[in-house]
Protein chains: 2
Amino acid sequence: METKPTRRARLRQQTIAEIKEAALKALAESGPAGITLRGIARELGMTAAALYGYFDTRDQLISTLAADAYNELADSHEAALAALPPEEAASRVRAVCDTFRTWSVANPAAFRLIYGDGLPGFSPPEDVTKAARRCCMALLDVVAGAWDHAPAAIRDDEAEWSDFQESLVTPAREQFPHLPPQALGLTLRIWGRMYGPVMLEVFGHLGQQIVDPSQVYRREVEAIIEMLGLSE
Amino acid sequence: METKPTRRARLRQQTIAEIKEAALKALAESGPAGITLRGIARELGMTAAALYGYFDTRDQLISTLAADAYNELADSHEAALAALPPEEAASRVRAVCDTFRTWSVANPAAFRLIYGDGLPGFSPPEDVTKAARRCCMALLDVVAGAWDHAPAAIRDDEAEWSDFQESLVTPAREQFPHLPPQALGLTLRIWGRMYGPVMLEVFGHLGQQIVDPSQVYRREVEAIIEMLGLSE
DNA sequence: TGGTACACTAAACGCCGTTAATAAAGTGAT
DNA sequence: ATCACTTTATTAACGGCGTTTAGTGTACCA
């Protein structure tokens, strides 16, 4: 339908990109609080009020950045998985884990935006949660690929579908029809195990304790693979 | 020395307490960004400028809150451990883990303050890092108590003292002289494993996936105990 | 009783997000 | 080429923010 990328639309797209770029730069330099409409406008040679032609509000701009970050991370995950055949379960687990930490450490500002901020009662707009789900699905994908190798101690678990939120259950069962509910619980546990060390590293807590934080993560990834019965 | 709690000093103490109280309330209601000197002053019936008689700056006030939070958490840990004899290693691990999540979920605002915020290059003042170390030591304590039971797979590890920062090594060796450097690495891994699920829960990510986030944590704690060779 | 240290206020500065009114410029049809 | 129009940007203002400076009253102590 949209066969006409009119000149106006093109310029508009570019301006939006420049705004995001300036916002990301400010984010990297001084954290989320450093994203300032007036600062961005200054950088682009415009007035702050002009930005309201592109984003409804500062919060919406930040939400857009968050959605972009989620999508970028999900793209990385999917690209890493696309290069590996389904039967190499261990490699696929490692790929997702490594991609996750590598991206997070390389884009700490975006990581904080996604996983660190957020007001107490604030629920993000739909495009953000949708992008977040893509990341979750990549992890579920590798768990699904490893499920048959998992030892009984993990598979035996009194988890039910009703233990999980519909927003997770629905896409999970649609995409991986053969998976039991226990696999969801396992995925969440692995999720937490990946996020713990990475969060501590990105937020600067691990670096105050250990010289090379990646050591902690590497061992944890191997432990996850072992837990899944995928060793050697 | 300070035998004279003069009337002035007493009033001053009380005012400081009221300021912190108002700040914590704002923190709980609208996140770190909601802590506003003018808002606090309004609540106390003062001018914002008057607050500068008690805190050098807004950031310093927040740092104080962070140190308080760390100390509160450390107190909880130490109280939980004081009730358990050294030989009950498994119970002690469980106690620290449970105390950690319970406190974090009960004080989400304080938790965010400590573990979620913080500028990219910002390093906290000394009283904050000192209070943070107390929490770390509690965890190291239970790992020390469990170290002798730990399976060889965990104890065999090419970790060296030089892998860790001095600010961790010095107090650790002082307080637990018999511990090898491998125990530090194990402690950090357990730390990450505890923080992952709790961070995801407090930041609201787990709740969007699972009805009862504590399930994830409970299983993780049991896995930690098992990893340490403390099951049954 | 006088003087001094302290607690506080008032006013201002320069930031911030956001809104309203307005002008300029691009676009498309006649 | 002219007109109506939509889109884009500007200026000016409002209220809120952290912070500083200068000045005011008041509690304390000699």
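Sequence lines set the chain letters: A, B, ... in the order given, protein chains first and strands last, and positions in each chain run from 1.
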Any side-chain N or O of [X] under 4.0 Å from OP1/OP2 of [N]?
X        : N       : result
Thr57(A) : dT18(C) : yes
Arg12(B) : dA5(C)  : no
Tyr54(A) : dA9(D)  : yes

Where does the angle between the aromatic ring planes of His205(A) and Phe203(A) fall among parallel (under 30°), tilted (30 to 60°) and perpendicular (over 60°)?
perpendicular
Students often get this wrong, so: under 4.0 angstrom with heavy atoms, is [X] touching a base, only sugar-phosphate, or nothing?
X        : answer
Thr15(B) : nothing
Thr36(A) : sugar-phosphate
Phe55(B) : nothing
Gly34(B) : nothing
Arg58(A) : sugar-phosphate
Ile35(A) : sugar-phosphate

For atom [atom1] of [X] and atom [atom2] of [N], their distance in whole Å:
X        : N       : atom1 : atom2 : result
Arg38(B) : dT20(D) : CZ    : P     : 13 Å
Tyr52(A) : dC14(D) : OH    : P     : 17 Å
Leu61(A) : dC16(C) : CG    : P     : 14 Å
Ile40(B) : dC8(C)  : CD1   : P     : 14 Å
Glu18(A) : dT8(D)  : CD    : C1'   : 15 Å
Met46(A) : dT11(D) : CE    : P     : 12 Å
Leu11(B) : dA5(C)  : CG    : C1'   : 15 Å
Glu43(A) : dC16(C) : CD    : P     : 13 Å

Toward the 5' end of DNA chain C, which comes first, Ala49(B) or Asp56(A), by nearest nucleotide?
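Looking at DNA chain C, the more 5' nearest nucleotide goes with Ala49(B).
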Counting distance only, does the side-chain N/O of [X] pair as donor-acceptor with the main-chain N or O of [Y] below 3.5 Å?
X         : Y         : result
Arg193(B) : Glu220(B) : no
Thr170(A) : Ser167(A) : no
Arg134(B) : Glu78(B)  : no

Leu61(B) side chain reached by Tyr54(B) side chain, heavy atoms, under 4.5 Å:
no
Is the closest side-chain heavy-atom distance between Trp161(A) and Leu184(A) below 4.5 Å?
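The answer is yes, as the side chains (C-beta and beyond) meet within the 4.5 Å cut-off.
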What's the closest nucleotide to the [X] side chain, out of [options]?
X        : options                   : answer
Arg42(B) : dG16(D), dC16(C), dG18(D) : dG16(D)
Ala50(A) : dA9(D), dA13(D), dT9(C)   : dA9(D)
Thr47(B) : dT10(D), dG17(C), dA10(C) : dA10(C)

